[in-house]
Amino acid sequence: MSASTNMAGIGQRAADGACWSVGECMLELRPQADGSIVHAAAGDSFNTAVYLKRLAPALPVRYVSALGDDTMSGLIRKHMQAESIDDSLVDTLPGGTPGLYAIETDAAGERRFVYWRSQSAARTMLSAAHLAQLQAALDGCRILLLTGITLAILDDERRAALLALAARLREAGAWVVLDNNYRAALWDAATARHWMDRAAQVCTHALFSFDDEVALHGTRSPAEALARMEAFGMREAVLKLGAGGCLVGGAAGRAVHVPALETRAVDTTAAGDSFSAGYLARRLSGADSVQAAQFGCTLAAAVVAHRGAIIPMEAMP
Ligand SMILES: Nc1ncnc2c1ncn2[C@@H]1O[C@H](COP(=O)(O)OP(=O)(O)O)[C@@H](O)[C@H]1O
Ligand SMILES: [Mg+2]
């Protein structure tokens with residue numbers, strides 16, 4: 001069977017293939033009052049992978065990245081396995097170490113994040129050998145998840161290789177999902193604009209956050225941001241508006257506003273990541289874009305009402 005026949009009808013047959021999420025998963029460190037440290041695994045592309053797997057257990061979800069061969073990398077793999085995320089496409093860099101971040105809370109209760117990620121093994125993913133492994137497995141990929149953070153941590157050669165892979169998948173009928181997640185600390189704005197526009201040309205589904213579009217392009221309104229997205233010609237465009245919910249793109253400029261749920265937000269980490277997972281899970285099971293966005297808002301509301309990127313399984317809507 002050719003790749004294109006094999007991948008036809010992806011929306012209906014997603015359970016036959018896998019979702020691949022590409023990016024950096026870090027070890028999250030949470031210092032406790034008694035001096036101990038609790039750890040977890042997190043990172044935008046990993047958070048979306050976890051929530052999607054929880055919502056669509058029959059869908060194989062594979063993480064694509066690189067880790068070291070140290071104890072901390074081993075802990076991250078254990079966190080992946082605990083969430084039933086397949087880590088067999090996570091490359092191992094001998095002598096490498098993973099990215100870490102700590103959540104610190106100051107005397108006023110204000111949280112801040114401290115990162116150790118500039119030398120992380122994830123930056124070395126997509127070596128020639130790793131790309132060959134991915135190419136050999138490509139036929140089984142029905143959904144590819146990419147984010148602005150993923151592109152930010154790679155060099156130009158790897159960025160181009162990743163987008164070439166995405167283009168092949170799109171050609172074969174797979175979904176290529178892009179979350180803008182612009183982080184100014186990771187790359188300069190001109191470089192980010194260049195690569196995000198190239199990625200937007202390749203994606204089939206853009207799930208962007210308005211705040212990030214403002215930071216990257218100085219966009220003045222959600223309507224302007226959505227129009228900019230839709231000009232790339234992707235099939236589906238959704239603009240996340242924080243507590244304002246989201247804007248779902250539609251034919252002939254007819255966007256639909258979906259309000260957020262009323263909730264007491266205690267930590268907005270992974271709001272957008274979980275929204276995307278909720279949206280995709282519903283689209284895969286046949287809901288339309290507006291229904292899918294409503295569920296994205298429902299999941300994100302539960303996530304912002306809890307501390308940490310990944311909420312307990314019992315708290316899932
Ligand atoms: N304070 C909030 N109350 C309820 N829902 C929220 C709140 N903040 C975010 N959300 C939900 O999370 C989604 C994504 O949030 P947003 O901040 O736009 O993304 P990101 O986290 O990527 O910046 C929103 O569309 C909304 O549904
Ligand atoms: Mg985001």
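Reckoned from all heavy atoms, side chains included, excluding hydrogens, waters and symmetry mates.
Between the CG atom in Leu55 and the CG atom in Leu280 there is a gap of 10.0 Å [rounded to 0.5 Å]. Asp70 CG to Thr92 OG1: the interatomic distance, rounded to the nearest 0.5 Å, is 10.0 Å. The CG atom of Leu178 sits 8.5 Å away from the CE atom of Met229 when rounded to the nearest 0.5 Å. Rounding to the nearest 0.5 Å places CG of Leu216 at 12.5 Å from CG of Asp211. Rounded to the nearest 0.5 Å, atoms NE2 (His217) and CD (Glu224) are 10.5 Å apart.
In this structure, Arg123 contributes its side chain and Arg117 its backbone to a donor-acceptor pair below 3.5 Å. Between the side chain of Ser36 and the main chain of Gln32, no donor-acceptor pair closer than 3.5 Å is present. Using a distance-only test at 3.5 Å, with no hydrogens or angles considered, no donor-acceptor pair links the side chain of Glu28 to the main chain of Met26. Using modelled atom types, no side-chain atom of Thr48 and backbone atom of Ser45 make a donor-acceptor pair closer than 3.5 Å. Under a 3.5 Å cut-off, the side chain of Asn180 and the backbone N or O of Ser209 do form a donor-acceptor pair. No donor-acceptor pair under 3.5 Å is formed between the side chain of Arg307 and the backbone N or O of Asp267. Arg159 contributes a side-chain N or O that, together with a main-chain N or O of Leu154, makes up a donor-acceptor pair within less than 3.5 Å. No donor-acceptor pair under 3.5 Å is formed between the side chain of Tyr279 and the backbone N or O of Leu207. Formation of a donor-acceptor pair under 3.5 Å by the Thr204 side chain with backbone atoms of Val176 is found in this model. Put simply, the side chain of Arg170 gets close to the backbone of Cys203: a donor and an acceptor are under 3.5 Å apart.
In summary, the side chains of Tyr51 and Ser276 do not present any donor paired with an acceptor at a separation below 3.5 Å, with no hydrogens or angles considered. The closest side-chain donor-acceptor pair between Ser88 and Asp86 falls under 3.5 angstrom. In this structure, a donor-acceptor pair under 3.5 Å is absent between the side chains of Thr298 and Arg282. In this structure, a donor-acceptor pair under 3.5 Å is present between the side chains of Thr147 and Asp44.
Using a 4.5 Å heavy-atom cutoff, the side chains of Leu226 and Phe210 are not in contact. Two residues are said to be in side-chain contact when any heavy atoms from C-beta on lie closer than 4.5 Å; Gln201 and Leu163 fail this criterion. Looking only at side-chain heavy atoms (C-beta outward), Leu145 and Trp175 stay at 4.5 Å or farther from each other.
A salt bridge is defined here as a Lys NZ or Arg NE, NH1 or NH2 lying under 4.0 Å from an Asp or Glu carboxylate O, and Arg228 with Asp197 meets this definition.
Partner Val61 forms a side-chain contact (heavy atoms from CB on, under 4.5 Å) with one of Val50, Ile85, Ile143 and no other, that one being Ile85.
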Handout entry: Evaluation steps, salt bridge (charged side-chain N to carboxylate O under 4.0 Å, His left out), between Asp69 and Arg77
Key = CA-CA 10 Å; Asp69 51 4; Arg77 284 191 190 266; over 6 Å; no
Practice task
Determine, stepwise, if the pair Lys53 / Glu83 fulfils side-chain contact (heavy atoms from CB on, under 4.5 Å).
Solution key: CA-CA 8 Å; Lys53 181 67 189 174; Glu83 292 286 350; 5.9 Å; no
Exercise for the section: In sequence, state the C-alpha distance, the side-chain angles, and the governing distance for Asp212 and Lys240, and then conclude on salt bridge (charged side-chain N to carboxylate O under 4.0 Å, His left out). Expected result: CA-CA 10 Å; Asp212 295 356; Lys240 300 174 249 186; over 6 Å; no
Problem - Chi angles and distances behind the side-chain contact (heavy atoms from CB on, under 4.5 Å) call for Arg198, Leu151 - result: CA-CA 11 Å; Arg198 283 185 59 173; Leu151 286 167; over 6 Å; no
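At a threshold of 4.5 Å between side-chain heavy atoms, the hydrophobic network of Ile, Leu, Val, Met, Phe, Trp and Tyr places Met316 and Val303 in one connected group. Note: the hydrophobic cluster containing Leu93 does not contain Leu134 (ILVMFWY, side chain heavy atoms under 4.5 Å, direct or indirect links). Both Leu186 and Trp195 sit in one connected hydrophobic cluster of ILVMFWY residues. Membership requires side-chain heavy atoms under 4.5 Å apart, directly or through other members. Clustering ILVMFWY residues whenever any of their side-chain heavy atoms sit less than 4.5 angstrom apart, transitively, puts Leu241 in a cluster other than the one holding Leu261. Put simply, Leu299 and Val304 are part of two different groups of oily side chains (I, L, V, M, F, W, Y) that touch within less than 4.5 Å, one to the next.
The two residues Val214 and Thr219 come nearest to each other via the heavy atoms CG2-O, 3.5 Å.
Within a 6.0 Å radius of CD in Gln119, other residues, nucleotides and ligands contribute 12 heavy atoms or fewer.
The ring-ring contact (aromatic ring centres under 6.0 Å, His included) contacts involving residues 117-160 comprise nothing, where partners must be two or more places apart or lie in separate chains.
Using cut-offs of 30° and 60° for the angle between ring planes, the Phe113 and Tyr101 rings count as tilted.
For the side chain to side chain contact (heavy atoms under 4.5 Å, CB included) test, no residue two or more places apart in sequence or in another chain qualifies with Ser118.
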